[in-house]
A.B. asks: 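Below: one structure in structure tokens.
Not measured: the values here are computed from a predicted model.
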Amino acid sequence: MYKRQSIVGRIPSTVVVSKAQQLCEDYVVESLRRGIDPQTPVVDGQWVRRWRVERGVSFRKPNRKWKVPKVVLLERCQIFWSNVFRVRAFIRAKFGYDPALWNFDQSPYHMNEAGSKETGTFALRGQPVVVLKEGHAATRSRWTMNTMCISDFDDANTHGGGGIQGDEAAPTVVGMLPPLELMFKAQGCQLEHRLQASIPADAPWLSVTTSPKGSYREEHVLAYLERHLEPWSGHRRWRILVTDAYSAHMGDNIRRLAWHRGYIVILHGGGTTGVMQVNDTDLHQHLRRMWRNSQCLALTTRMHKPR
């Protein structure tokens, strides 16, 4: 078994070649000083590949990156858990039920996600030049998806039906999905109006919006919450609204709006979302892969259509 080791930084294969050549030079100098005939290998790309196989070395890209020291990470995780446990314990003692957790977060995507991630092509082995025709601007054109993860299944499907008792137990909307909003980069409101008009009437959980930068600011977060947070009623249960420590999420206006609608805001500590936030750990990567695969499939289908 391989022992877990810490990676100190990004090291491309060219750096390995340079370091190996330096070691060879030091070895030759020391051998000549001692009167020994030096035997050195030819250090090139082929040598690096053989060395990787022999030593079990991989130049994989990092798939886990820490934003804060481990001590700070554990401390902030403990603070978040304590806040959630306190609110849940109070609501259970006061009202007799466990509140559902609603967790929203934004994630950036690109119009050409495959190009932005440098996805491989389908080429013949040994081909010296791999020609690719694509809209390069689309690999930099960004849009944002705002997702919501809900801890309670009934709450996610009815948006509050699980908290109604007696004859009023029937949910107002049956089969609803968690809120989803797409933000595109545009000036003015003309594109936003056209996009909103294209949303089907039976999809109230879906919304679209625009902004000059294609990313969320506090005013956009407020509009999103006003659009998708269910208004407070005496029959509905309290809920916990969880989000990360992003400046657009931390304003008093966000907390005030959530409170008036029966949601208690609790923030993830900075640097902890990669290990704690459900949207990041279990949703966004799958959605990004599906978006990239659907783009590639649509492109290949279009290329093979008869003209």
A.B. asks: Is any side-chain heavy atom of V221 closer than 4.5 Å to a side-chain heavy atom of H249?
C.D. replies: yes
A.B. asks: Over all heavy atoms of both residues, which pair between V87 and I240 is shortest? Give the atoms and the distance, please.
C.D. replies: CG1-CD1, 3.8 Å
A.B. asks: Could you measure the distance from the SG atom of C149 to the CG atom of D282? Nearest 0.5 Å is fine.
C.D. replies: 8.0 Å
A.B. asks: Check the pair R50, R55 against side-chain contact (heavy atoms from CB on, under 4.5 Å), reporting the backbone distance first and the verdict last.
C.D. replies: CA-CA 9 Å; R50 294 194 301 269; R55 300 297 180 181; over 6 Å; no
A.B. asks: CE/M290 to CG/L297 distance, rounded to the nearest 0.5 angstrom?
C.D. replies: 12.5 Å
A.B. asks: Is the charged tip of R237 near the ring of Y263: under 6.0 Å from the six-membered ring centre and within 45° of its axis?
C.D. replies: no
A.B. asks: G274 and T281: which non-hydrogen atoms are nearest, and at how many Å?
C.D. replies: O-CG2, 3.4 Å
A.B. asks: For the CD1 atom of I264 and the CZ atom of R86, what is their distance to the nearest 0.5 Å?
C.D. replies: 13.5 Å
A.B. asks: Please identify each residue that fulfils ring pair (Phe, Tyr, Trp, His ring centres under 6.0 Å) with W81, with sequence neighbours left out.
C.D. replies: none
A.B. asks: Distance from S247 atom OG to Y216 atom OH, nearest 0.5 Å?
C.D. replies: 14.5 Å
A.B. asks: Any chain of hydrophobic side-chain contacts (each under 4.5 Å) joining I79 to L74?
C.D. replies: no
A.B. asks: Do you know the tightest heavy-atom contact between R142 and G214?
C.D. replies: NH2-O, 4.1 Å
A.B. asks: Find out whether T273 and N279 are in side-chain contact, i.e. whether some heavy atom of one side chain is under 4.5 Å from a heavy atom of the other.
C.D. replies: no
A.B. asks: If you take all heavy atoms of G251 and E218, which pair is closest and at what distance?
C.D. replies: CA-OE2, 4.2 Å
A.B. asks: Within the 3.5 Å criterion, strictly below it, is a donor on Q277 or H284 matched to an acceptor on the partner's side chain?
C.D. replies: no
A.B. asks: So, do M276 and C77 sit near enough that their side-chain heavy atoms are less than 4.5 Å apart?
C.D. replies: yes
A.B. asks: Is it true that a side-chain atom of D105 and a backbone atom of N146 form a donor plus acceptor pair closer than 3.5 Å?
C.D. replies: no
A.B. asks: Transitively linked via ILVMFWY side-chain contacts under 4.5 Å: L283 with L182?
C.D. replies: yes
A.B. asks: Holding to side-chain hydrogen bond (donor to acceptor under 3.5 Å, both in side chains), I want the full list of residues that pass it with Y97, two or more places apart in sequence or in another chain.
C.D. replies: none
A.B. asks: Which pair of non-hydrogen atoms, one from A100 and one from D152, has the smallest distance, and what is that distance?
C.D. replies: CB-CB, 3.8 Å
A.B. asks: Using atom types as modelled and distance alone, determine if a side-chain donor or acceptor of R88 lies under 3.5 Å from a backbone N or O of D98.
C.D. replies: no
A.B. asks: Give the cluster check for V208 versus M111: same hydrophobic cluster or not, with ILVMFWY residues linked at side-chain heavy-atom distances below 4.5 Å.
C.D. replies: yes
A.B. asks: Regarding D37 and Q39, do their side chains bring together a donor and an acceptor under 3.5 Å, going by distance alone?
C.D. replies: yes
A.B. asks: Distance from Q78 atom CD to L73 atom CG, nearest 0.5 Å?
C.D. replies: 11.5 Å
A.B. asks: Under 4.5 Å between any side-chain heavy atoms of V242 and H268, yes or no?
C.D. replies: yes
A.B. asks: Looking at R239 and E230, does any basic side-chain N land under 4.0 Å from a carboxylate oxygen?
C.D. replies: yes
A.B. asks: Would you indicate whether the side-chain heavy atoms of I254 and L225 approach each other to under 4.5 Å?
C.D. replies: yes
A.B. asks: Is any side-chain heavy atom of T144 less than 4.5 Å from a side-chain heavy atom of F184?
C.D. replies: no
A.B. asks: Is the backbone of L101 close enough, under 3.5 Å, to the side chain of S151 for a donor and an acceptor to pair up by distance?
C.D. replies: yes
A.B. asks: Over all heavy atoms of both residues, which pair between Q187 and P212 is shortest? Give the atoms and the distance, please.
C.D. replies: NE2-CB, 3.6 Å
A.B. asks: May I ask you to decide if H110's main-chain N or O and W291's side chain share a donor-acceptor pair within less than 3.5 Å?
C.D. replies: yes
A.B. asks: Any chance you could lay out the side-chain contact (heavy atoms from CB on, under 4.5 Å) test for R261 and E226, step after step, and finish with the verdict?
C.D. replies: CA-CA 9 Å; R261 299 206 174 195; E226 288 179 351; 4.1 Å; yes
A.B. asks: Going by the rule ring pair (Phe, Tyr, Trp, His ring centres under 6.0 Å), which residues pair with Y224 if we only count those two or more places apart in sequence or in a different chain?
C.D. replies: F104, H228
A.B. asks: With a 3.5 Å cut-off and sequence neighbours excluded, list the donor-acceptor pairs that the side chains of residues 17-30 form with protein atoms.
C.D. replies:
residue: S18; atom: OG; partner: T14; partner atom: O; Å: 3.1
residue: Q21; atom: NE2; partner: V43; partner atom: O; Å: 3.4
residue: E30; atom: OE1; partner: R33; partner atom: NH1; Å: 2.7
residue: E30; atom: OE2; partner: R34; partner atom: NE; Å: 2.9
residue: E30; atom: OE2; partner: R34; partner atom: NH2; Å: 3.4

A.B. asks: With sequence neighbours left out, what residues match R288 under salt bridge (Lys or Arg N to Asp or Glu O under 4.0 Å)?
C.D. replies: E113
A.B. asks: For R227, enumerate each residue passing the side-chain hydrogen bond (donor to acceptor under 3.5 Å, both in side chains) test, keeping only those at least two apart in sequence or located in another chain.
C.D. replies: E181
A.B. asks: Return the orientation label for the W259 and W238 ring planes: parallel under 30°, perpendicular over 60°, tilted otherwise.
C.D. replies: tilted
A.B. asks: If hydrophobic clusters are built from ILVMFWY residues whose side chains come within less than 4.5 Å, do V265 and L222 share one?
C.D. replies: yes
A.B. asks: Rounded at 0.5 Å granularity, tell me how far CG in L180 sits from OG1 in T147.
C.D. replies: 7.5 Å
A.B. asks: Return yes if a side-chain donor-acceptor contact under 3.5 Å exists between H220 and R217, otherwise no.
C.D. replies: no
A.B. asks: Distance-only, no hydrogens or angles: does the R292 side chain make a donor-acceptor pair with backbone N or O of N112 under 3.5 Å?
C.D. replies: no
A.B. asks: Any chance you could lay out the side-chain contact (heavy atoms from CB on, under 4.5 Å) test for I91 and K94, step after step, and finish with the verdict?
C.D. replies: CA-CA 5 Å; I91 294 178; K94 180 69 175 179; 5.8 Å; no
A.B. asks: If two hydrophobic side chains count as joined below 4.5 Å and joins carry through other members, does L195 share a cluster with Y109?
C.D. replies: yes
A.B. asks: Given 3.5 Å as the limit, does a donor-acceptor pair link the side chain of R255 with the main chain of I266, or not?
C.D. replies: no
A.B. asks: When you look at Q190 and H193, which way does the side-chain contact (heavy atoms from CB on, under 4.5 Å) test go after all the steps?
C.D. replies: CA-CA 5 Å; Q190 294 184 1; H193 294 331; 5.8 Å; no
